[in-house]
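Heads up: the structure comes next, in structure tokens.
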Amino acid sequence: MGSSTITTKDGVEIYYKDWGKGQPIVFSHGWPLSADDWDVQMLFFLAQGYRVIAHDRRGHGRSTQTEDGNDMEHYADDLAALTEKLDLHDAIHVGHSTGGGEVVRYVAKHGLKRTARIVLISAVPPVMVKSKQNPEGTPLEVFDGFRAALAANRAQFYIDVASGPFYGYNRPGAKPSQGIIDNWWRQGMMGGTKAHYDCIKAFSETDFTDDLKKIDKPALVLHGDDDQVVPYKDAGVLSAKLLKNATLKIYPGFPHGAPTTHHEAINQDMLAFFKS
């Protein structure tokens, strides 16, 4: 096993990596990245005896640069197609940021029988955008700003995100890693601009409240309290309340991209949860 692609019902090629044997862990990445964002976790859990799988979401990475279908329904359906093609059972699904929404929608809609447990890290559920029902959410104008910046100069916007709020590199005393910034930019620019533009609506406006309520599997919800992209009080805290069987851990000072910047802590907490 190594890397390959599957073709979805609507003709989209989804690229994935599949290494090792044992209980499968399936990783769903954040916007606008790729399976490569899980490199540290893939190596770590492979060494722990797990089978590790990560895919590039449609429109991202090495998957088809789709014009349409860039929404949570299709993302969840694509993940279902992958788990069925690989015939995964007793799977652990781990989602970061947008990938957390993908995991929640997939498990609630398709994956309850095939799934053993889930992990949500800095994840977008229940819903990000501010509304009467979600007064603590992020104003729509913020996401409109993302779209405007992406449309005007995607390459510069992606440098600004990676070197600033995503990893907390804009905080006093932060020590930015140029390699991490460059790798974020590289992954982002591999994907399709139309897909990335559409995905902003998908991750910010999709309401996962009912999906969370349907999931009875053991869930680990991890979130940094200095997440400048997905504020933890309106995301991780509320998700943990809606899930039937959740453990919540809030990390002091961790940024949105904590699986990269603080992978030692994140990986050990996930491993303990998997073995519990």
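For the pair Y15 and I6, the minimum side-chain heavy-atom distance is 4.5 Å or more. Residues V230 and M128 form a side-chain contact, since some pair of their non-hydrogen atoms from C-beta on lies under 4.5 Å apart. The closest side-chain heavy-atom distance from T247 to V221 is not below 4.5 Å. For the pair Y169 and S177, the minimum side-chain heavy-atom distance is below 4.5 Å. Taking 4.5 Å as the limit, some side-chain heavy atom of F44 sits within range of a side-chain heavy atom of L271. I118 is listed as a side-chain neighbour of I215, based on a closest heavy-atom distance under 4.5 Å. Contact of the Y16 side chain with the T5 side chain is not registered, since no non-hydrogen atoms from C-beta on lie closer than 4.5 Å. Between S34 and R62, the closest side-chain pair of non-hydrogen atoms falls below 4.5 Å.
Between the side chains of D225 and H223, not a single donor N or O lies within less than 3.5 Å of an accepting N or O. Looking at H256 and D227, their side chains do bring a donor and an acceptor atom within 3.5 Å of each other. Using modelled atom types and a 3.5 Å distance limit, the side chains of E102 and S28 yield a donor-acceptor pair. When only modelled atom types and interatomic distance are considered, H74 and D71 share a side-chain donor-acceptor pair under 3.5 Å. With 3.5 Å as the limit, one finds no donor-acceptor pair spanning the side chains of Y75 and H60. A donor atom on one side chain and an acceptor atom on the other are not found under 3.5 Å apart for H29 and D36. In summary, the side chains of H263 and Q268 do not present any donor paired with an acceptor at a separation below 3.5 Å, with no hydrogens or angles considered.
When atom types are taken as modelled, the side chain of T8 and the backbone of V12 share a donor-acceptor pair closer than 3.5 angstrom. A donor-acceptor pair under 3.5 Å links the side-chain atoms of T64 to the main chain of E13, judged by distance alone. Using modelled atom types, one side-chain atom of K244 and one backbone atom of K213 make a donor-acceptor pair closer than 3.5 Å. No donor-acceptor distance shorter than 3.5 angstrom exists from the side chain of Q187 to the backbone of P32, with no hydrogens or angles considered. With Q41 contributing its side chain and N267 its backbone, the two residues share no donor-acceptor pair below 3.5 Å.
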Residue pair M270, I25: steps toward the side-chain contact (heavy atoms from CB on, under 4.5 Å) verdict: CA-CA 11 Å; M270 284 201 287; I25 307 174; over 6 Å; no
Please test R114 against D87 for side-chain contact (heavy atoms from CB on, under 4.5 Å), starting from the C-alpha separation and ending with a verdict. CA-CA 9 Å; R114 292 178 179 268; D87 196 27; 3.6 Å; yes
Step by step, would you call L120 with L243 a side-chain contact (heavy atoms from CB on, under 4.5 Å)? CA-CA 11 Å; L120 305 178; L243 288 159; 4.3 Å; yes
Kindly determine whether Y251 and D269 satisfy side chain to side chain donor-acceptor pair (under 3.5 Å), including the steps that lead there. CA-CA 11 Å; Y251 297 100; D269 286 339; 2.6 Å; yes
Please assess D207 against Q133 for the test side chain to side chain donor-acceptor pair (under 3.5 Å), listing each intermediate value before the final yes or no. CA-CA 11 Å; D207 190 337; Q133 293 74 33; over 6 Å; no
From CA spacing to verdict: side-chain contact (heavy atoms from CB on, under 4.5 Å), L79, H55: CA-CA 8 Å; L79 184 50; H55 64 291; 3.7 Å; yes
Under the criterion salt bridge (Lys or Arg N to Asp or Glu O under 4.0 Å), I'd like the reasoning laid out for R58 against D10: C-alpha separation, chi angles, the key distance, then a yes or no. CA-CA 11 Å; R58 66 167 58 207; D10 59 342; 3.1 Å; yes
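A salt bridge is absent between K17 and D56: the closest approach of a Lys/Arg side-chain nitrogen to an acidic carboxylate oxygen does not fall below 4.0 angstrom. With respect to E73 and K109, a salt bridge is recorded, a charged nitrogen being found less than 4.0 Å from a carboxylate O. We find that K9 and D78 are not joined by a salt bridge, their nearest charged nitrogen and carboxylate oxygen being 4.0 Å or further apart.
Minimum interatomic distance between A195 and G59 (heavy atoms only, all atoms of both residues): CB-CA, 3.4 Å. Of all non-hydrogen atoms in A246 and A240, the two that sit nearest each other are CB-O, 3.6 Å. Listed here is the closest heavy atom pair of Y167 and A162: CD1-O, 3.4 Å. Scanning both residues, P125 and V104, for their nearest heavy atoms gives CG-CG2, 4.1 Å. Considering every non-hydrogen atom in both P126 and T209, the closest pair reads CB-OG1, 3.9 Å. Minimum heavy-atom separation, A155 to M189: CA-SD, 3.8 Å.
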Check: residues 45-54 side-chain donor-acceptor pairs under 3.5 Å, at least two apart:
{"residue": "R51", "atom": "NE", "partner": "D18", "partner atom": "OD1", "Å": "2.9"}
{"residue": "R51", "atom": "NH2", "partner": "D18", "partner atom": "OD2", "Å": "2.7"}

Would you tabulate the side-chain donor-acceptor contacts of residues 198-205 under 3.5 Å, counting partners in other chains and residues two or more places apart, or write 'none'?
{"residue": "D198", "atom": "OD1", "partner": "K194", "partner atom": "NZ", "Å": "3.4"}
{"residue": "D198", "atom": "OD2", "partner": "N70", "partner atom": "ND2", "Å": "3.3"}
{"residue": "D198", "atom": "OD2", "partner": "K194", "partner atom": "NZ", "Å": "2.7"}
{"residue": "K201", "atom": "NZ", "partner": "E205", "partner atom": "OE1", "Å": "2.9"}
{"residue": "S204", "atom": "OG", "partner": "I200", "partner atom": "O", "Å": "2.7"}

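The side chain to side chain donor-acceptor pair (under 3.5 Å) with H110 is formed by just one residue from the set D77, T83, T115; it is D77.
The ring of H93 has its center closer than 6.0 angstrom to the ring center of Y106.
Not counting sequence neighbours, E141 has no partner by the side chain to side chain donor-acceptor pair (under 3.5 Å) test. Annotation: side chain to side chain donor-acceptor pair (under 3.5 Å) contacts of N183 (sequence neighbours excluded): R186. Contacts of P218 classified as side-chain contact (heavy atoms from CB on, under 4.5 Å), with partners at least two apart in sequence or in another chain: R117, N245, F273.
Atom CD of Q156 is surrounded by more than 12 heavy atoms from other residues, nucleotides or ligands within 6.0 Å. Heavy atoms of other residues, nucleotides or ligands lying less than 6.0 angstrom from NZ of K130 number 12 at most.
In this structure, CZ on F208 lies 12.0 Å from CG on D210, to the nearest 0.5 angstrom. The line from CG of L86 to OG of S4 is 8.5 Å long, rounded to the nearest 0.5 Å.
The cluster map of Ile, Leu, Val, Met, Phe, Trp and Tyr, joined by side-chain heavy atoms under 4.5 Å apart, puts W184 and V124 in the same cluster. In terms of hydrophobic clustering, with Ile, Leu, Val, Met, Phe, Trp and Tyr side chains grouped at heavy-atom distances under 4.5 Å, V237 and V229 are assigned to a common cluster. Linking Ile, Leu, Val, Met, Phe, Trp and Tyr whenever their side-chain heavy atoms come within less than 4.5 Å puts F146 and L150 in one cluster. A continuous path of ILVMFWY side-chain contacts below 4.5 Å connects L82 to L112, so both sit in one hydrophobic cluster. Cluster membership check: L43 does not share its hydrophobic cluster with V26, using side-chain heavy-atom separations under 4.5 Å among Ile, Leu, Val, Met, Phe, Trp and Tyr.
Note on ring orientation: taking the six-membered ring where Trp is involved, the planes of H196 and Y158 are tilted (angle from 30° to 60°).
Residue pairs meeting the side-chain hydrogen bond (donor to acceptor under 3.5 Å, both in side chains) criterion with at least one partner in residues 229-242, sequence neighbours excluded, are N134-D234.
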